[in-house]
Amino acid sequence: MREGGCGGSIMTAQDQPVTSLPEPGQLVSVRQRHFVVLDVQKSTLPTDPLQPAQSAPQHVVSLSSVEDDALGEELRVVWELEPGAHAYEKAALPQPTDFDDPARLDAFLDAVRWGAISSADDKALQAPFRSGIEIEEYQLDPVVRALRMPRVNLLVADDVGLGKTIEAGLVAQELILRHRVRSILVICPSSIQIQWRNQMRDKFGLEFRIVASERLRDLLRRRGLHVNPWTHFPRLITSIDFLKRERPLRLFRETLPAEGEPVFPRRYDLMIVDEAHNVAPSGRGRYATDSLRTLAIRTLAPHFEHKLFLTATPHNGYPESFSALLELVDSQRFARGVRPNRLQLEAVMVRRMKEELELKWDGSRRFAKRVVDCLDVDYTEAERSAHKALHEYTNQRLKNATSPGEAFAAEFVLKLLKKRMFSSPEAFATTLAKHERSIAGAGKTRPAENVLRRQVEDIEEEYADDEEYEEATLEAVDSASRVLHEPSPQEKTLLRDLKEYAREASMRPDSKAKRLIDWLTTTLKPNGQWNNERVLIFTEYRTTQKWLHGLLAAAGLAQGDRLMTIYGGMKSEDRERIKAAFQHNPAAAPIRILLATDAASEGIDLQRNCC
């Protein structure tokens with residue numbers, strides 16, 4: 001039955017809009033949308049006794065949307081100044097005046113049934129049918145397991161390319177539909193913030209806002225100095241390297257309970273940490289050492305009701321680090337330094353490899369078969385001599401170390417020199433030059449051993465900005481080199497030979513670069529004509545990337561935007577544009593070679609690329 005000829009309507013003469021000040025919990029209409037009142041705050045400004053009507057107190061009303069397409073979105077308005085704002089008084093059920101058409105009533109009941117999800121039924125999933133994705137059956141496992149948990153604490157450690165972002169989106173959307181989650185914070189590397197925002201919007205219809213330095217400045221400019229970026233919207237994305245800074249972390253603490261201890265209900269609902277291995281503490285020694293990233297997550301985690309950690313590499317080889325990561329996921333089940341129980345681990349961890357899921361139900365391949373092919377490189381005599389000289393210099397330094405601190409410093413510098421030499425002559429030359437300059441002042445301003453160890457631990461973290469990483473690495477080399485003793489005559493000779501090799505080798509392609517250029521030319525330009533093959537080349541260091549870019553350009557492999565680079569620290573918009581062009585149809589995009597540093601490699605779809 002209906003009133004006024006509209007199936008399901010409860011608007012009556014008693015339910016007319018009123019303009020009086022609303023109360024918390026009351027339904028209101030603001031800007032032609034419906035909201036529920038969360039809070040009403042009265043202005044503290046004094047009224048003017050001479051003009052009481054014009055200076056009547058105003059009220060800031062906090063609202064939460066009840067619209068299907070913006071459920072949970074918050075809005076704050078000055079009620080007296082908001083045109084067209086009105087509240088609905090509570091009213092009894094309407095008097096029926098007519099019967100609905102059976103088809104119309106059936107459609108209404110279907111809509112109610114589809115929109116009402118029982119929180120006790122963990123088998124009636126709605127998120128897969130409300131998302132714009134092609135779902136693989138294995139991607140439903142995390143959301144099913146999450147619904148069975150009274151408090152979601154999951155570590156999704158699926159292999160690269162299995163769709164951890166999709167799985168996280170399904171969990172988030174399902175919890176939102178069941179009204180178990182309203183506020184969400186996604187913490188990820190800065191290089192994939194835009195990718196997260198776009199995927200949540202395009203595939204799940206969830207709007208997220210990125211909190212970064214630019215957003216903070218914009219909010220301060222538009223809303224005043226006292227605005228808090230962590231409370232301006234219920235769904236946020238930020239990078240771990242922004243969050244760990246002093247000011248953003250302080251602003252977040254201001255939103256937490258005054259005593260700093262978690263309270264029930266929790267202040268926030270769902271925390272999603274992507275590339276969670278980046279927040280795991282280093283595991284050397286008996287106890288894992290917390291980094292700034294770890295401390296930031298450890299501060300925030302107790303104030304979230306649900307936690308979802310994503311990583312393809314959950315274990316870094318150190319049991320202490322792994323147990324500390326598990327403690328961040330679920331502090332009730334795990335403790336750092338304590339070997340995790342296998343049954344408890346299986347309760348919170350989802351781990352599938354591509355080899356387990358390579359075939360679909362009909363026997364067809366789910367993923368392209370990965371073929372590993374090595375390029376043989378014949379080193380020149382000069383390169384062999386340089387490697388031999390560095391090996392001999394390493395032995396001399398380690399043998400003549402006079403203290404554990406000097407031995408630690410020598411091991412760090414010499415290991416880094418070896419890595420840089422294998423990366424490129426240019427990367428080796430810059431590090432060697434820094435080492436040689438610093439060792440000349442050895443003993444004059446010798447850093448403390450604990451300071452040096454902290455510097456070394458810092459550069460072993462994942463850096464989002466390649467230039468910052470390069471600067472931090474050279475600073476650590478400088479500090480470590482000043483711990484070492486003055487070089488002996490034999491060591492000075494070896495350093496001079498290495499310096500001469502680095503100077504000459506950095507001016508031309510070495511054996512590896514020549515072999516790579518030959519392979520690229522054969523693969524991408526057979527008979528001098530570009531084909532549609534694409535190649536993705538990773539470099540660890542930005543210095544190597546710049547050097548290699550110059551060599552490829554000199555070899556004729558860069559004309560017409562065929563060669564592009566992405567690196568940590570470049571503008572997110574530019575990086576996403578280049579990624580999209582590289583992953584686009586080869587006939588429509590000119591890019592054939594993409595040079596990417598490790599810091600910028602997150603989120604590149606390798607399944608569609610030749611690499």
Under 3.5 Å: donor-acceptor pair, side chain of [X], backbone of [Y]:
X	Y	answer
Arg534	Phe582	yes
Arg145	Ala347	yes
Asp561	Ile591	no
Gln139	Leu162	yes
Trp230	Pro248	yes
Arg235	Ile184	no
Arg542	Glu467	no
His232	Pro229	yes
Ser323	Glu320	yes
Asn531	Glu533	yes

Among [options], which one satisfies side chain to side chain contact (heavy atoms under 4.5 Å, CB included) with [X]?
X	options	result
Asp159	Lys354, Arg351, Glu356, Arg352	Lys354
Trp547	Leu552, Thr539, Asp510	Asp510
Val279	Leu243, Thr311, Ile297	Ile297

Practice item. Under the side-chain contact (heavy atoms from CB on, under 4.5 Å) rule, what do Glu426 and Thr430 come out as? Steps first, then yes or no, please. Key: CA-CA 6 Å; Glu426 181 68 21; Thr430 56; 4.2 Å; yes
Heavy-atom side-chain contact between [X] and [Y] under 4.5 Å:
X	Y	value
Lys244	Asp241	yes
Asp269	Leu175	no
Pro128	Glu174	yes
Leu524	Leu557	no
Phe233	Val211	no
Leu495	His435	yes
Arg515	Asp378	no
Arg342	Leu345	no

When you check the gap from the basic side-chain N to the acidic O, do [X] and [Y] get nearer than 4.0 Å?
X	Y	result
Arg221	Asp218	yes
Arg197	Glu576	no
Glu500	Arg503	yes

Got more than 12 heavy atoms from elsewhere within 6.0 Å of [atom1], [X]?
X	atom1	value
Lys499	NZ	no
Glu137	CD	yes
Gln559	CD	yes
His315	NE2	yes

Any chance you could measure [X], atom [atom1], to [Y], atom [atom2], to the nearest 0.5 Å?
X	Y	atom1	atom2	answer
His277	Phe309	NE2	CZ	13.0 Å
Leu300	Met271	CG	CE	4.5 Å
Ile237	Cys188	CD1	SG	6.0 Å
Asn198	Ile192	CG	CD1	12.0 Å

Exercise for review: List the steps, then state whether salt bridge (charged side-chain N to carboxylate O under 4.0 Å, His left out) holds for Lys434 with Glu470.
Suggested key: CA-CA 12 Å; Lys434 188 67 173 179; Glu470 190 77 14; over 6 Å; no
Exercise for review: Mind running side-chain contact (heavy atoms from CB on, under 4.5 Å) on Tyr567 and Arg575 for me, showing each step along the way?
Suggested key: CA-CA 8 Å; Tyr567 54 88; Arg575 180 168 53 238; over 6 Å; no
Practice item. Specify the closest pair of heavy atoms between Leu177 and Gln126, including all atoms of both residues, with the distance to one decimal. Key: CD1-CB, 3.7 Å
**Study point:** Side-chain H-bond candidate by donor/acceptor type, Ser190 with Ser239, under 3.5 Å
**Key:** no
Exercise for review: Answer with yes or no whether the side chains of Gln545 and Thr565 bring together a donor and an acceptor at under 3.5 Å.
Suggested key: no
Point to revise | Residue pair Gln173, Ser131: steps toward the side chain to side chain donor-acceptor pair (under 3.5 Å) verdict | key: CA-CA 9 Å; Gln173 189 176 49; Ser131 57; 4.5 Å; no
**Study point:** Derivation of the side-chain contact (heavy atoms from CB on, under 4.5 Å) call for Glu540 and Phe422
**Key:** CA-CA 11 Å; Glu540 182 173 0; Phe422 278 109; over 6 Å; no
Exercise for review: Take Leu516 and Ile537 through the side-chain contact (heavy atoms from CB on, under 4.5 Å) test and state the conclusion after the steps.
Suggested key: CA-CA 10 Å; Leu516 177 62; Ile537 302 174; 4.1 Å; yes
Point to revise | Within 45° cone and under 6.0 Å: Arg420 NZ/CZ vs Tyr541 ring | key: yes
Review point. In terms of ring plane angle, is the pair His387 and Tyr379 parallel, tilted or perpendicular, where the classes change at 30° and 60°?
Key: perpendicular
